[in-house]
Amino acid sequence: MTRLSERVSASLPSFVATPAYERSGLRRGIVHLGLGAFHRAHQALYTDAAMAEGDHRWGIAGVSLRSKSVADALIPQDLLYCVLERDGEQVSARLVGALHAALHAPSQLDEVLEAIADPQTQVVTSTVTEKGYCINPATGDLDVADKSIQHDVAHPESPSSTIGVLFAGIRRRAPAAKLTILCCDNMASNGDTLRKLVLQFARLVDTATERRIESMIAFPSSMVDRIVPAATSESLDWAEERLGVRDEAAIVCEPFTQWVIENRFAGARPAWERGGALFVNDVRPYQAMKLRLLNGTHSAIAYLGQLRDLETVSDAMRDPLVGPFARRLMTEDLRSTLAAPADYDVLAYCDQLLRRFENPSLAHRTQQIAMDGTQKVPVRWLPALRATVDAGGDLPHVERALAAWLHYLLTQRSDNGSALVISDPGAATLGARMRAEQNTNDVARAALGHRSVFGEAPWPDAFIARLSKHLAALRSGGVGALLSRAFIDGSLARQQPT
Ligand code: CS2
């Protein structure tokens with residue numbers, strides 16, 4: 001089968017929209033760290049739209065910080081790839097032309113640092129996942145015990161971590177050159193958080209650069225949203241059938257996309273609003289809404305789904321226990337903890353989210369979302385839970401979801417006994433703490449004592465007792481006992497108008 005390239009792009013089927021600008025004029029204006037599927041299906045598309053009217057300044061130098069596989073897939077394709085948006089039988093597609101380079105930091109570090117230092121680079125964006133920032137999830141501080149941070153502090157010219165690479169690139173920039181660093185990962189106040197991490201790193205290495213970061217670099221926050229399952233051989237084959245060419249970097253994702261960006265840039269920026277991005281003064285209400293309602297529910301679906309051997313989110317949504325539970329977790333518990341952005345119909349937003357989760361054509365694996373829970377849970381569930389239980393209240397669904405996550409880490413088995421793959425570097429110590437205890441009350445206390453996830457402050461006894469009860473239900477009868485009919489029906493009854 002012919003491989004996608006500039007040469008064959010003219011013969012793509014007519015349902016594939018192609019870049020509305022001349023790629024030969026493309027200049028580099030953005031460096032992106034973390035060239036995974038999410039960036040390629042999200043920010044790169046907005047950048048394509050921003051260049052549609054001939055502003056060629058925003059070509060993206062995409063950087064992979066670990067694996068070379070994305071660069072290897074893209075380079076033979078002249079850095080072109082397709083995004084196929086799929087909902088049921090409906091498909092639309094776009095050929096994306098915004099990439100200017102695909103770099104592999106471990107083998108091309110100098111080129112990466114030069115790209116960040118280049119005065120034409122106005123914006124650095126990042127999607128490196130939560131754990132890619134070497135953050136202590138409970139405090140939001142740089143994890144100075146992390147091996148890659150320790151290495152990069154000792155050898156700041158040859159960094160391997162995201163923070164170390166950012167710092168080394170900034171250090172090479174001309175002192176008066178402004179720059180905007182835009183974090184696009186699922187963390188609350190992600191811009192402020194990244195700024196804090198970079199400054200904490202700089203303080204350990206060189207305070208002159210620290211001062212320059214403080215005065216010359218803007219770190220706006222942003223909320224990003226699009227469900228982008230990892231590519232599989234099936235999704236690549238499916239794309240090939242539709243495209244008539246082989247695209248090793250093709251992405252199949254949902255049609256929905258959203259990007260809300262804090263309007264705080266140090267220099268020039270692409271006109272991402274042409275692709276539908278919304279620029280606002282305060283992104284925090286949008287972030288809280290998305291992180292709690294979408295990502296919070298996603299994580300619950302992921303752990304319950306894993307325990308019940310449900311492979312995808314849409315399988316879980318069809319499950320008679322998990323589906324109704326997910327709806328209530330979102331619309332009752334999590335919604336009650338939010339101050340929504342002005343003029344936002346949160347219930348309509350929830351309905352839309354649940355429909356997105358039901359999309360049967362996405363094959364979004366629960367195992368993918370279940371990854372890195374020790375980073376995700378503190379962002380998605382714990383702020384709401386902490387505020388509620390400290391005020392003497394409860395969040396019955398979130399508390400059950402938390403018990404399910406702990407049980408999943410503890411047993412590493414589904415309710416049917418199949419072995420589960422736990423992919424979370426932070427989970428081993430938490431799992432070991434729990435396994436050292438016998439009765440569920442001690443297990444709950446041991447887990448909540450894991451400070452890098454659950455924070456320093458003690459959790460109320462009443463909450464620990466409830467968590468212990470849920471762990472006991474899971475131990476005796478799995479998810480079926482945790483989400484008993486009586487509970488599901490009871491929470492349904494609570495929802496009825498009186
Ligand atoms: C998911 C997110 O994998 C996960 O943890 O919850 O990647 C989610 O699909 C996106 O944030 C949707 O915008």
Side-chain angles (χ1 to χ4, degrees), residues 34 36-46 83 85-87 125-133 135 137 183-188 190 221-232 235 251-261 276-278 283 286-306 310-317 322 326 329-330 334 349-350 352-359 361-382 398 401 404-405 408 421-427:
F38 186 77
H39 168 70
R40 286 181 284 130
H42 191 273
Q43 300 98 50
L45 282 157
Y46 287 82
V83 175
E85 300 171 353
R86 189 172 177 197
D87 191 358
T125 49
S126 63
T127 52
V128 295
T129 78
E130 299 86 340
K131 71 168 176 281
Y133 295 96
I135 193 172
C183 179
C184 301
D185 275 294
N186 285 323
M187 302 178 309
N190 49 1
S221 286
S222 83
M223 180 272 253
V224 292
D225 189 8
R226 173 164 249 189
I227 294 176
V228 185
T232 57
S235 72
I251 295 161
V252 180
C253 65
E254 64 168 348
F256 182 92
T257 179
Q258 191 177 20
W259 196 7
V260 185
I261 307 169
L278 182 66
V283 81
Y286 294 90
Q287 280 185 324
M289 188 174 71
K290 191 258 172 175
L291 291 171
R292 291 187 192 188
L293 297 177
L294 190 159
N295 298 109
T297 308
H298 244 178
S299 287
I301 289 171
Y303 300 118
L304 293 164
Q306 284 285 288
L310 299 163
E311 200 181 336
T312 68
V313 173
S314 64
D315 292 344
M317 290 303 288
V322 180
L329 172 108
M330 179 191 291
L334 293 170
Y349 178 76
C350 290
Q352 186 188 35
L353 287 180
L354 292 160
R355 274 203 308 279
R356 290 168 62 196
F357 292 172
E358 283 158 7
N359 183 344
S361 51
L362 276 187
H364 196 195
R365 287 173 314 122
T366 51
Q367 194 187 333
Q368 181 184 346
I369 304 168
M371 275 167 43
D372 297 333
T374 53
Q375 297 279 333
K376 293 175 177 174
V377 164
V379 172
R380 299 175 178 200
W381 297 342
L382 298 187
V398 178
W405 175 52
Y408 153 94
V421 178
I422 314 266
S423 172
D424 177 357

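Computed from a predicted model, the values in this text were never measured in an experiment. In listed order, ligands and their atoms are each counted from 1. Values reported hereafter were calculated over all heavy atoms of this structure, with side chains retained and with hydrogens, waters and symmetry mates removed.
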Main-chain N/O of Gly296 paired to Ser299 side chain as donor or acceptor, under 3.5 Å
no
Among Lys376, His42, Gln367, the residue with a heavy atom nearest to atom 3 (O) of ligand 1 is Lys376
Run the contact test for Arg356 against ligand 1 with a 4.0 Å cut-off on heavy atoms, strictly below, and give the result.
no
In terms of atom number and element, which parts of ligand 1 are under 4.0 angstrom from non-hydrogen atoms of Asn295?
1 (C), 2 (C), 6 (O), 8 (C), 10 (C), 11 (O)
Could you label the plane-to-plane angle of the Phe38 and His42 rings as parallel, tilted or perpendicular, counting under 30° as parallel and over 60° as perpendicular?
parallel
State which residues pass side-chain contact (heavy atoms from CB on, under 4.5 Å) with Ala316; sequence neighbours excluded, sorted by chain then number.
Ile301, Leu310, Val322
Ser423 meets the side-chain contact (heavy atoms from CB on, under 4.5 Å) criterion, sequence neighbours left out, with Met371
Only residue of Leu353, Asn295, Val260 satisfying side-chain contact (heavy atoms from CB on, under 4.5 Å) with Lys290 is Asn295
Quick check, are the ring centers of His364 and Phe357 under 6.0 angstrom apart?
no
Options Lys290, His298, Gln258, Met223, ranked by nearest heavy atom to atom 10 (C) of ligand 1, top entry
Lys290
Subset of ligand 1 atoms that lie under 4.0 Å from at least one heavy atom of His364
9 (O)
With heavy-atom distances below 4.0 Å as the criterion, list the atoms of ligand 1 near Arg226.
10 (C), 12 (C), 13 (O)
Using a strict cut-off of 4.0 Å, indicate which atoms of ligand 1 neighbour a heavy atom of Asp225.
12 (C), 13 (O)
Would you mind telling me if ligand 1 is within reach of the side chain of Asn186, the backbone, both or neither, using heavy atoms under 4.0 Å?
side chain
